[in-house]
Amino acid sequence: MELFNQENKSKEREFEKFNLKDGEVWLMSNFMPSEKAVFYYDALLSNINWRQEEIKMYGKTYPVPRKTAWYGYPDFNYKYSGIMCNPEPWTKELMDIKRVIEHFLPGENFNSVLLNLYRDGNDKVSWHSDDEPELGENPTIASVSLGAIRRFDLKHKEDPDQKLQIELSSGSLVIMKGALQHHWLHQIPVQKKIHEPRINLTFRTIKL
Ligand SMILES: O=C(O)CCC(=O)C(=O)O
């Protein structure tokens with residue numbers, strides 16, 4: 001496997017592990033070399049079928065504050081915030097990235113990926129947990145960032161002293177593991193000063 005053409009440097013790529021109360025977050029800031037991050041950012045921006053979904057709240061309909069897409073093996077459908085996602089088939093770029101992530105996470109075999117396109121700092125994802133039943137008990141979720149640097153906030157659901165903030169740079173990889181989705185919420189907040197887009201890919205394993 002090519003590991004983004006960095007075979008000889010792959011040993012230098014290690015996870016920084018945040019062992020949180022009731023869950024784990026791992027960060028690999030240099031998952032992709034910067035030229036690869038630019039390559040995949042450009043390819044995904046133009047090749048992905050980005051959709052503007054809508055959510056219903058209290059009887060009103062609102063546009064989701066980012067664009068989204070869902071890719072993966074057939075039949076692994078996923079429902080979040082009332083939006084039903086039927087996967088589009090893996091593209092070569094998504095499969096390349098999936099394989100390199102799995103190299104660093106032996107035993108994982110992701111069958112789908114949710115993509116988010118934050119057009120600028122006004123786009124966001126509000127506090128939530130990835131705790132949909134399709135993901136199983138303690139899901140491992142692998143999240144790749146491309147493009148603008150955005151802040152990733154995490155907070156414990158019951159203990160207000162437990163918080164974490166990470167700057168997600170282009171080419172970084174975050175892993176959420178263990179019981180994290182039971183006990184923690186995460187968000188990408190609005191950051192008005194950011195004018196460039198960011199793409200995020202969250203690789204998931206849907207249980208049928
Ligand atoms: O954009 C991110 O880094 C987070 C995305 C996210 O929380 C999600 O898709 O559930």
Side-chain angles (χ1 to χ4, degrees), residues 15-16 18 20 23-29 31-32 37 40-41 44-45 48-55 63-72 76-85 87-88 94 97-98 101 110-136 138-157 163-191 194 196-206:
F15 287 109
E16 179 182 356
F18 301 91
L20 306 173
E24 284 176 61
V25 174
W26 299 359
L27 172 66
M28 187 185 282
S29 306
F31 170 64
M32 265 186 214
Y40 284 112
Y41 171 85
L44 296 173
L45 201 55
I48 291 295
N49 182 17
W50 295 106
R51 300 163 66 98
Q52 178 59 69
E53 300 284 1
E54 294 183 328
I55 32 171
V64 170
R66 62 194 178 281
K67 289 195 163 189
T68 56
W70 180 249
Y71 283 68
F76 291 99
N77 298 325
Y78 185 59
K79 193 171 180 185
Y80 74 98
S81 302
I83 300 165
M84 189 65 194
C85 306
E88 304 208 31
L94 292 173
I97 298 171
K98 167 176 138 66
I101 296 172
F110 297 103
N111 54 28
S112 38
V113 57
L114 176 64
L115 295 96
N116 293 298
L117 170 59
Y118 303 85
R119 291 155 288 194
D120 59 27
N122 291 306
D123 276 357
K124 61 170 185 172
V125 61
S126 305
W127 288 114
H128 69 286
S129 307
D130 296 336
D131 56 0
E132 292 77 14
E134 300 94 307
L135 295 174
N138 286 330
T140 296
I141 294 173
S143 170
V144 175
S145 296
L146 299 167
I149 300 176
R150 294 290 297 261
R151 209 179 80 213
F152 184 51
D153 296 337
L154 297 110
K155 68 175 180 186
H156 197 283
K157 289 184 190 172
K163 294 179 214 161
L164 182 66
Q165 273 190 3
I166 307 177
E167 294 285 317
L168 296 181
S169 56
S170 191
S172 66
L173 169 66
V174 165
I175 310 296
M176 295 187 275
K177 272 176 77 69
L180 192 87
Q181 305 300 337
H182 293 279
H183 300 284
W184 290 72
L185 300 166
H186 56 269
Q187 70 162 357
I188 298 287
V190 168
Q191 289 181 275
I194 292 179
E196 296 76 36
R198 167 177 178 265
I199 292 174
N200 165 254
L201 298 81
T202 55
F203 290 84
R204 296 152 189 254
T205 307
I206 303 293

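Remember, it's 1-based here, ligands and their atoms both numbered in the order they're listed.
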- May I ask you to identify, for Asp130, whether its side chain, its backbone, both or neither come under 4.0 Å of ligand 1 on a heavy-atom basis? side chain
- Closest by any non-hydrogen atom to atom 3 (O) of ligand 1: pick that one out of Arg204, His186, Arg198. Arg198
- Task: Spell out, as yes or no, whether a donor-acceptor pair under 3.5 Å connects the side chain of Thr202 to the backbone of Leu114.
- Result: yes
- Item | Taking atom 5 (C) of ligand 1 as the reference point, the nearest protein heavy atom with its distance | Asn200 OD1, 3.4 Å
- Item | Close N or O approach (Ser145, ligand 1; < 3.5 Å) | no
- Taking Arg150 for the side chain and Pro189 for the main chain, is one N or O donor matched with an acceptor at less than 3.5 Å? yes
- Item | More than 12 heavy atoms from other groups under 6.0 Å of CZ on Arg119 | yes
- Note the single closest protein heavy atom to atom 10 (O) of ligand 1, along with its residue, its atom name and the distance in Å. His128 NE2, 2.8 Å
- Item | Pairwise side-chain contact, Tyr40 with Ile199, heavy-atom cut-off 4.5 Å (strictly under) | no
- NZ/NE/NH1/NH2 to OD/OE distance under 4.0 Å, Arg151 and Asp153: yes
- Interfacing atoms of ligand 1 (cut-off 4.0 Å, heavy-atom, Ile188): 1 (O), 2 (C), 3 (O), 4 (C)
- Query: Among protein heavy atoms, which lies nearest atom 9 (O) of ligand 1, and at what distance?
  - Reply: Asn116 ND2, 3.0 Å
- Note on the structure: The single option from Gln181, Lys177, Met176 that satisfies side-chain contact (heavy atoms from CB on, under 4.5 Å) with Pro139 is Gln181
- Heavy-atom nearest neighbour in the protein, as seen from atom 1 (O) of ligand 1, with distance rounded to 0.1 Å: Tyr118 OH, 2.6 Å
